[in-house]
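Keep in mind that this is a model prediction, so the values were computed, not measured.
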Protein chains: 2
Amino acid sequence: MISGLGLSSMTVKKRVTIRQVAKESEVSTQTVSRVINHHPNVAPETRRRVLQVIDRLGYQPSSIARSLIQGYSGTLGVVGYGLEYFGPSRTLSGVEQQANELGYSLLLSLMRQPEKNDVEQVLRDMFSRYVDGIIWAMPEIGNNRAWIRQGTPQLSVPIVFLSMQPHPNLSVVAVDNRRGGRMATEHLLDQGYQTIGLITGPLDWWEARQRQLGWQDALKEVITEDHLVVEGDWTAESGERGLRQLLEQCPDMDAVFVCNDQMALGVLQAARQMGIRVPEDLALVGFDDTPESAYFYPPLSTVRQDMVELGRCAVRELGCMIEASQQGRAVVESKAILLQPQLVIRESSVRERG
Amino acid sequence: MISGLGLSSMTVKKRVTIRQVAKESEVSTQTVSRVINHHPNVAPETRRRVLQVIDRLGYQPSSIARSLIQGYSGTLGVVGYGLEYFGPSRTLSGVEQQANELGYSLLLSLMRQPEKNDVEQVLRDMFSRYVDGIIWAMPEIGNNRAWIRQGTPQLSVPIVFLSMQPHPNLSVVAVDNRRGGRMATEHLLDQGYQTIGLITGPLDWWEARQRQLGWQDALKEVITEDHLVVEGDWTAESGERGLRQLLEQCPDMDAVFVCNDQMALGVLQAARQMGIRVPEDLALVGFDDTPESAYFYPPLSTVRQDMVELGRCAVRELGCMIEASQQGRAVVESKAILLQPQLVIRESSVRERG
DNA sequence: ATGAAAGCGCTAACAG
DNA sequence: CTGTTAGCGCTTTCAT
């Protein structure tokens with residue numbers, strides 16, 4: 001039986017190798033290698049000839065073969081989560097921008113269940129692909145950082161963690177959520193509001209807890225006023241529920257710090273339905289500053305965090321670590337970088353001056 | 001000066017190779033290879049012993065070496081754009097989900113300037129990394145598809161294109177934007193609205209043009225009513241401007257089909273500022289169905305497109321093509337898949353029944 | 001300035 | 001069931 005003949009004699013494009021180029025140029029593979037790597041020690045005439053053949057044959061060096069030899073791949077592993085949300089997708093965008101500028105490719109891996117212990121699997125896979133470093137862009141949720149204590153030592157690539165609790169011996173880049181929470185709350189106090197409620201994100205998120213702490217900082221309360229706090233889940237719907245619950249628990253509340261803009265949108269809707277005017281009866285500050293926030297009704301005051309910059313910053317850090325480790329400096333001092341958020345004041349929190 | 005000594009004597013982890021495992025297990029590398037690849041022909045006892053050594057040494061097969069031999073890498077290249085927008089980031093999420101389920105890793109490359117001709121560069125790079133296939137998840141803008149005519153032939157990997165004009169010999173997956181546009185407009189007509197304006201996306205986007213065509217389909221107008229159309233740029237701000245301009249051009253307009261939800265949000269704000277009631281004076285239908293849309297004031301009727309499914313679908317397609325091409329069937333019939341959008345009716349387009 | 005040899009870590013193709 | 005021999009495509013010595 002003759003199989004695979006006939007039509008399949010179509011050009012099944014074989015990869016052009018350095019050897020073919022060498023043969024056609026009548027030089028050794030070595031010289032070709034020197035040409036494509038821009039080594040100085042090649043006669044101009046030779047270089048010209050080789051380049052010409054490369055062009056004619058459409059030769060493309062194999063990154064794979066290179067990686068195998070050199071032990072690294074010019075690739076960064078990115079472990080992400082929740083790409084459907086505003087923050088994470090901006091972050092990834094920043095990561096990609098900076099990686100691109102630094103000449104790195106990206107190997108992307110998204111996690112679905114934040115808790116589950118696919119960690120080892122993912123890390124192993126990236127390692128087996130010779131990534132030069134890893135961006136851990138998954139929020140700290142529950143104790144999904146537990147693996148770090150055991151796992152880190154055997155990891156031979158630099159890692160930068162995003163949005164997590166700074167940790168000795170770990171490189172971390174995060175937004176100063178606590179400060180952001182405080183800024184939001186202090187702003188409300190400045191505006192003369194008295195009783196400031198809080199709708200948090202899911203409290204197993206580190207970032208959510210930090211924002212809550214900021215709120216507490218501003219209120220200078222030692223005792224947490226439980227009836228002023230409701231836990232949300234980042235969705236508009238939970239914001240809506242949150243406001244109702246909060247007002248039940250504390251009818252004289254006149255302002256709320258809502259821990260993201262999407263929940264704030266839900267609050268806005270609930271307020272409307274309940275006949276509560278914003279900001280006259282109830283002031284609101286959100287967190288994120290999504291592109292939509294300025295178009296809410298009323299336009300939402302919020303805390304802007306530059307997630308793109310967060311991603312860029314992380315990659316820059318990682319770049320340094322990689323460079324250092326490739327130059328043999330095995331131990332790089334790891335540091336924590338806190339990016340400062342920015343208060344954006346719009347109508348939802350500004351009381352009309354009489 | 002002694003540099004890099006002292007502490008840096010820390011274990012600079014060498015990669016564990018199959019050879020070491022073989023030696024320690026007292027078998028050949030071949031047998032180890034068989035074990036890690038789950039080949040049947042290994043004595044249970046041998047397998048046990050090898051696995052044990054693997055575990056003890058923490059051995060991890062090198063994907064890179066494998067790729068070099070086999071000529072493919074278990075990786076899909078993804079070329080994306082505009083990750084900061086709702087649609088694209090959902091799409092990527094879908095791509096990742098399905099890729100993960102099919103056992104592929106993702107090599108991500110984002111483009112910044114949709115027009116610029118980095119195409120060759122990106123493609124070359126992916127090719128040099130032995131990607132098994134490519135998802136071209138960049139919207140068709142301007143003539144950024146021009147390269148296809150020249151470039152495709154020398155590409156030896158399957159490609160699936162997202163959100164572009166179906167094309168003979170190309171695999172394309174897209175949402176039926178035209179149908180969506182028609183559905184939105186027909187719904188407005190059904191509700192008794194008479195003069196239906198249009199705020200489009202940037203008209204160099206194929207998707208934007210399709211939605212416009214849908215609107216025209218519904219109006220059954222041969223002559224395009226230019227004064228009923230304004231071109232936006234997907235931002236809320238452009239929606240705001242768009243409404244003002246539209247009303248100037250055509251004061252008796254009583255409904256608008258706005259080509260994405262973000263612009264619709266801008267329209268909503270403009271309407272409020274101008275004292276126009278929605279939907280009493282002006283009805284609105286958007287496009288996308290973002291999570292926020294249901295929380296706009298009033299809640300926004302819109303055309304939902306399932307971008308996650310779009311991404312998944314594309315990867316499934318690509319998976320088939322890859323399989324086919326690896327089995328030697330060089331030419332795979334390429335098809336176009338159109339996903340159907342869905343009309344979501346909320347308050348912004350429903351006229352109160354008297 | 002150029003080339004020859006060795007080998008990165010693994011698997012394919014054949015032996016036994 | 002197991003081992004041997006090649007060699008994927010390239011770079012790294014080390015010669016010349």
Return a table of donor-acceptor pairs under 3.5 angstrom between the side chains of residues 158-165 of chain A and protein atoms on other chains or two or more places apart.
none

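If B:Thr31 and A:Ile18 are placed on DNA chain D by their nearest nucleotide, the residue sitting closer to the 5' end is B:Thr31.
Applying a 4.0 Å cut-off to non-hydrogen atoms, none of the residues of residues 39-55 of chain A approaches DNA chain D.
The minimum heavy-atom distance between A:Leu107 and B:Leu107, with the atom names listed, is CD1-CD1, 4.4 Å.
Put simply, chain B comes within 4.0 Å of DNA chain C, heavy atom to any atom, from C:dC8 to C:dA13, going 5' to 3'.
The distance between atom CD1 of B:Ile64 and atom C1' of D:dC10, rounded to the nearest whole Å, is 13 Å.
With sequence neighbours excluded, the residues satisfying side chain to side chain contact (heavy atoms under 4.5 Å, CB included) with A:Thr29 are A:Ile18, A:Arg19, A:Ala22. In this view, B:Arg90 satisfies the salt bridge (Lys or Arg N to Asp or Glu O under 4.0 Å) rule with no residue, not counting sequence neighbours. With sequence neighbours excluded, the residues that form a side chain to side chain contact (heavy atoms under 4.5 Å, CB included) with B:Ser25 are B:Val21, B:Val27, B:Val50, B:Val53. B:Ser63 meets the side-chain hydrogen bond (donor to acceptor under 3.5 Å, both in side chains) test with A:Ser128; sequence neighbours excluded. The side chain to side chain contact (heavy atoms under 4.5 Å, CB included) check on A:Pro88 picks up A:Tyr85, with sequence neighbours excluded. The side-chain hydrogen bond (donor to acceptor under 3.5 Å, both in side chains) test applied to B:Asp125 returns A:Ser105, B:Arg129, not counting sequence neighbours.
Five base pairs at each end of the helix from C:dA1-D:dT16 to C:dG16-D:dC1 define two local axes, and these are offset by 30° (rounded to 10°).
Listed by first then second residue, pairs satisfying side chain to side chain donor-acceptor pair (under 3.5 Å) with a partner in residues 43-57 of chain A read A:Glu24-A:Arg56, A:Glu45-A:Arg48, A:Arg48-A:Gln52, not counting sequence neighbours.
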Write out a two-atom table: protein N or O, nucleotide N or O from nucleotides 5-8 of chain D, distance below 3.5 Å.
unit_1 : atom_1 : unit_2  : atom_2 : d
D:dC8  : OP2    : A:Arg19 : NH2    : 3.1

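Counting any heavy atom pair closer than 4.0 Å across all strands shown, B:Tyr59 reaches sugar-phosphate atoms only and no base atom.
At least one test fails for A:Arg66 against the ring of A:Tyr130: distance under 6.0 Å to the centre or angle within 45° of the axis.
Under the 3.5 Å distance criterion, the side-chain polar atoms of A:Asn100 are left unmatched by any main-chain donor or acceptor of B:Ser109. Distance alone, capped at 3.5 Å, places no donor-acceptor pair between the B:Asp132 side chain and the B:Leu76 backbone.
Shown here is A:Glu26, whose CD atom has no more than 12 heavy atoms of other residues, nucleotides or ligands within 6.0 Å.
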